[in-house]
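Side-chain atoms are counted along with the backbone in the values below, which use heavy atoms only and exclude waters and symmetry mates.
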Amino acid sequence: MILEQRNGLVGLFDLDGTLADYDTAMTRDIKLLLPPDYQDWRSYQDQDFIKNLIKLIRSQPGWWTRLARLEDGFLLLALMKELGFNLNILTKGPYNHPNSWSEKVIWCKENVPDIPITVTEDKSLVYGKVLVDDYPPYIIGWLEHRPRGMVIMPDRAWNEGFEHPQVIRYKKNLSEISERLKLLFNA
């Protein structure tokens, strides 16, 4: 999919873990269902019983629409808007959770009403010069098709240690990121 550029470069923004606080909500809800010895649920996330609990939680009506905002993501969004990027929300629609597709759109209409939304099963197919995403597998797939693309990765516990020459970590370093983004307009 190619987004038509209106005034500048296309900047794609992930939703869960970047603008919406999926992790806090999932941790809160999954701990309600687990015995005390499984409270560190991420250590077991490859096991079927955890996968099934996640599916159960994510399929609850309204779960996605109630996710809290991540203010660090909104600061970066404001910066990119100010710099003149054509912004688009790019979120993965889980194949087995069709309600998430509509609920993610509802969340966006309430929290970022002026930004178009793309829900896809494969982020790597969507064009942009910059991708803001917290999840390494989606970043890697997107970069395979974007040899000159740039990724801004919000610093989260689950992406600790991930490095790539086209990825800049975002941890309250807005001035550094601003300078890197300005260079893209002159490239």
Side-chain angles (χ1 to χ4, degrees), residues 1-28 42 64-92 104-105 107-120 122-187:
M1 168 182 276
I2 297 179
L3 302 173
E4 183 176 304
Q5 294 186 20
R6 294 178 297 263
N7 296 326
L9 301 172
V10 174
L12 305 170
F13 259 83
D14 172 48
L15 187 59
D16 310 325
T18 301
L19 294 173
D21 195 354
Y22 172 96
D23 186 61
T24 298
M26 181 57 68
T27 297
R28 175 199 65 221
R42 277 201 188 73
W64 297 90
T65 60
R66 292 188 301 268
L67 295 178
R69 292 167 48 123
L70 286 168
E71 291 309 316
D72 63 343
F74 277 85
L75 289 173
L76 186 55
L77 187 75
L79 170 67
M80 290 182 68
K81 187 182 282 188
E82 181 182 316
L83 291 174
F85 278 85
N86 290 312
L87 299 174
N88 190 273
I89 304 301
L90 177 62
T91 187
K92 185 163 184 332
K104 286 181 175 204
V105 170
W107 191 96
C108 289
K109 294 293 182 190
E110 292 174 358
N111 290 279
V112 285
D114 58 332
I115 299 177
I117 306 151
T118 300
V119 183
T120 183
D122 186 353
K123 289 184 178 187
S124 72
L125 300 176
V126 182
Y127 170 80
K129 184 65 175 177
V130 177
L131 171 66
V132 180
D133 203 315
D134 64 298
Y135 192 57
Y138 299 158
I139 290 169
I140 292 167
W142 188 82
L143 285 172
E144 286 175 1
H145 299 285
R146 310 289 176 284
R148 294 186 315 264
M150 176 177 149
V151 172
I152 301 170
M153 183 172 62
D155 191 44
R156 307 287 187 239
W158 53 89
N159 62 33
E160 189 174 296
F162 178 80
E163 292 184 24
H164 187 284
Q166 291 168 251
V167 174
I168 181 171
R169 293 188 81 79
Y170 170 45
K171 33 184 170 175
K172 299 182 183 178
N173 53 338
L174 275 178
S175 60
E176 176 189 357
I177 289 172
S178 177
E179 292 306 312
R180 295 273 302 267
L181 291 171
K182 287 176 186 176
L183 291 174
L184 292 177
F185 282 98
N186 299 322

*Asks:* Quick check: do Leu75 and Tyr170 have side-chain heavy atoms less than 4.5 Å from each other?
*Replies:* yes

*Asks:* Asp122 and Ser124: side-chain hydrogen bond (donor to acceptor under 3.5 Å, both in side chains), yes or no, with the steps?
*Replies:* CA-CA 5 Å; Asp122 186 353; Ser124 72; 2.6 Å; yes

*Asks:* Any salt bridge linking Asp16 with Lys92? Criterion: basic side-chain nitrogen under 4.0 Å from a carboxylate oxygen.
*Replies:* no

*Asks:* Do you know the tightest heavy-atom contact between Ile89 and Cys108?
*Replies:* CG2-SG, 3.8 Å

*Asks:* If you apply the rule side-chain contact (heavy atoms from CB on, under 4.5 Å), what do you find for Leu183 with Glu179, and how did you get there?
*Replies:* CA-CA 7 Å; Leu183 291 174; Glu179 292 306 312; 5.9 Å; no

*Asks:* Looking only at atom types and distance, does a side-chain atom of Trp107 sit under 3.5 Å from a main-chain N or O of Ala20, one as donor and one as acceptor?
*Replies:* no

*Asks:* Heavy-atom distance under 4.5 Å between the side chains of Lys104 and Ile117, does that happen here?
*Replies:* no

*Asks:* So, do Phe162 and Ile139 sit near enough that their side-chain heavy atoms are less than 4.5 Å apart?
*Replies:* yes

*Asks:* Got a sec, which residues hit salt bridge (Lys or Arg N to Asp or Glu O under 4.0 Å) with Lys123, two or more places apart in sequence or on another chain?
*Replies:* Asp14, Asp133

*Asks:* Is Tyr135 atom OH crowded by more than 12 heavy atoms from other residues, nucleotides or ligands, each under 6.0 Å away?
*Replies:* no

*Asks:* Taking all atoms of both residues into account, what is the closest heavy-atom pair of Ile168 and Met150, and its distance?
*Replies:* CG2-CE, 3.8 Å

*Asks:* Between the side chain of Arg69 and the main-chain N/O of Phe74, is any donor-acceptor distance below 3.5 Å?
*Replies:* no

*Asks:* Could you check whether any side-chain N or O of Asn159 sits under 3.5 Å from a backbone N or O of Asp134, counting only pairs where one atom can act as donor and the other as acceptor?
*Replies:* yes

*Asks:* Tell me, do Lys172 and Asp72 make a side-chain contact under 4.5 Å, heavy atoms counted?
*Replies:* no

*Asks:* Mind checking what makes side-chain hydrogen bond (donor to acceptor under 3.5 Å, both in side chains) contact with Glu176, not counting sequence neighbours?
*Replies:* Asn173

*Asks:* Indicate the atoms forming the closest heavy-atom contact of Ile115 with Leu87, along with that distance.
*Replies:* CG2-O, 3.6 Å

*Asks:* Mind checking the OH-CG spacing from Tyr127 to Leu90? Nearest 0.5 Å is all I need.
*Replies:* 13.5 Å

*Asks:* Could you pull out the closest heavy-atom pair between Thr91 and Leu15, with the gap in Å?
*Replies:* OG1-CB, 3.6 Å

*Asks:* Please give me the minimum heavy-atom distance between Val126 and Leu12, naming the atom from each residue.
*Replies:* O-CD1, 3.8 Å

*Asks:* Please check: side-chain N/O of Gln166 versus main-chain N/O of Val151, any donor-acceptor pairing under 3.5 Å?
*Replies:* no

*Asks:* So, taking the atom named CG in Asp114 and the one named NZ in Lys109, what distance separates them when rounded to the nearest 0.5 Å?
*Replies:* 9.5 Å

*Asks:* Which atom names give the shortest non-hydrogen contact between Pro136 and Met153, and what distance separates them?
*Replies:* CG-SD, 4.5 Å

*Asks:* When you compare the side chain of Arg146 with that of Lys129, does any pair of heavy atoms fall below 4.5 Å?
*Replies:* no

*Asks:* Are there more than 12 heavy atoms of other residues, nucleotides or ligands under 6.0 Å from atom CD of Glu163?
*Replies:* no

*Asks:* Quick one: does Leu19's side chain get under 4.5 Å of Asn111's, heavy atoms only?
*Replies:* no

*Asks:* Nearest 0.5 Å please: distance from the CZ atom of Arg169 over to the NE2 atom of His164.
*Replies:* 13.5 Å

*Asks:* Answer yes or no: is there a side-chain heavy-atom contact under 4.5 Å between Ile152 and Leu181?
*Replies:* yes

*Asks:* Do the side chains of Leu76 and Leu174 get nearer than 4.5 Å, heavy atoms only?
*Replies:* yes

*Asks:* Would you please name every residue forming a salt bridge (Lys or Arg N to Asp or Glu O under 4.0 Å) with Lys171, sequence neighbours left out?
*Replies:* none

